Amino acid sequence: MALIVQKYGGTSVANIEKINNVADRVIKEYKKGHEVVAVVSAMGDTTDELIGLMKQITDKPNPREFDMLLTTGEQVSIALLTMAIQEKGYEAISLTGSQVKIETDDHHSKAEIMNIDNSRLRNELEEGKIIVVAGFQGINSQDDFTTLGRGGSDTTAVALAISLNADRCEIYSDVDGIYTTDPRIVSSAAKLDYISYEEMLELANLGAKVLHPRSVELAKSYNLKLYIASSFNYRPGTIVEGMDEMEKRKSVTGITYDKDEVKITVQQVPDEPGIAGQLFTRLAENNINVDMIIQNLQHNKENDITFTVNKEDLIKNKEYIMKVSNEIGSDGVEIDQDVAKVSIVGAGMITTPGIAAKMFTALGENKINIQMITTSDIKVSCLINADDADKALEILHESFELDKQ
Ligand code: ADP
Ligand code: ASP
Ligand code: MG
């Protein structure tokens, strides 16, 4: 007998027919004699719809009430899935994040899980029940509801699997697994049988929304193997696991883009030691996360400092950024929201010369201008115009021959 944690995303429970399909899949494992904990997201686009309702009232909601609102989505889907399982003749119980006691820190809308008290889960499993848990939510030290950030149900599943020492952790969505790039954008994207935690973490952090980055981080720290597959068929999916050192590492495993960043140029600041330190210290003081940075020396002993931040951070901090720029003697701030960061990721990149050059050349030959560049051991990212993003994915996918897996 194995203990299995399965997670079903929004598209997998988008309507009653799909909820019944998930019920059948869960029961299938249960009938084999396994213990099953199913984690579910809100139905279809429910979370977006809830945010839409909120926006008719405010753009800057009270953080506690924002989470109060969003946690309702998952409460609907756990109740319906549990009823569907019961209707098919099996014992099941739904539990919210607070009922499970998924304890998080106090950061509403981006809370991190600190601890899970699994005693209730253990008791219900011992009584032979299938458990259905609401993804994406927990409670903080004041017993208020928190959410884990968009896509956070993946992290709930991984955290529960670790807490229960599960034998399997399976994440089901509307794609057959992890692909070389988003198969909705590039039709020749190829499904990967395996991907390392490191590469998956980069792809997730760099915009591939197929897994919540924190779920990969957690799985990596506890060496928990993940299985990613479709909830609509039984085709083999992708295993996310530690990398075998002997294995031949690909120079490029996957490609992704992120359209959630904006480019900010603080114009004409004095070319003096300490200015950049001052600027980025002041940004850090307000919890503004800076990603890419470049500095251009102008002829007149002044610099332009350009950096990227998350769109949300800009919305919340626009006035603060203006104020700080003014303080360091800048002549003005230019904001460009029409940018995308396109990234190639591969663990073998570090030992293969010329990968970055090949990326720049492919973009250049197709008249895609590179505005900023960052690199690490296993990734190269280029900031480009947002309108070129889909084309860039296609071009790079072909240049690195990722369709020929
Ligand atoms: P769920 O709602 O089940 O959590 P998501 O929408 O969060 O599912 O994630 C699945 C989606 O991720 C796919 O529909 C696909 O468009 C997108 N995606 C982006 N990059 C990739 C990739 N490299 N491999 C597979 N899917 C990807
Ligand atoms: N329902 C939440 C969202 O849409 C959490 C999730 O789907 O994982 O972001
Ligand atoms: Mg998701």
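All figures in this text were calculated on a predicted structure; none of them were measured in a lab. Ligands are counted one by one from 1 in listed order, and the atoms in each one are counted from 1 as well.
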Salt-bridge criterion met for Glu29 and Arg168 (N-O under 4.0 Å) | yes
Give a yes/no on ligand 2: does Gly73 have at least one heavy atom closer than 4.0 angstrom to it?
-> no
State whether any protein heavy atom lies less than 4.0 Å from atom 6 (O) of ligand 1.
-> no
Is ligand 1 under 4.0 Å from a heavy atom in the side chain of Arg184, in the backbone, in both, or in neither?
-> side chain
Can you tell me if Thr256 has a non-hydrogen atom under 4.0 Å from ligand 1?
-> no
Which of the ligand 2 atoms, numbered from 1, are nearer than 4.0 Å to a heavy atom of Gly151 | 3 (C), 5 (C), 6 (C), 8 (O), 9 (O)
Relative to ligand 2, is His212 under 4.0 angstrom through side chain, backbone, both or neither, heavy atoms considered?
-> neither
Please determine if Arg25 forms a cation-pi arrangement with Tyr234, meaning its NZ or CZ atom is less than 6.0 Å from the six-membered ring centre and no more than 45° off the ring axis.
-> yes
For atom 7 (O) of ligand 2, closest protein heavy-atom neighbour | Ser41 OG, 3.1 Å
Atoms of ligand 2 less than 4.0 Å from Arg150 heavy atoms?
-> 3 (C), 4 (O), 9 (O)
Taking atom NZ of Lys358 as the centre, report whether more than 12 heavy atoms of other residues, nucleotides or ligands fall under 6.0 Å from it.
-> yes
Does His212 reach ligand 1, in the sense of a heavy atom lying below 4.0 Å from it?
-> no
When you measure from atom 17 (C) of ligand 1 to each heavy atom in Ile185, Asp182, Ile255, Leu393, which option holds the nearest one?
-> Asp182
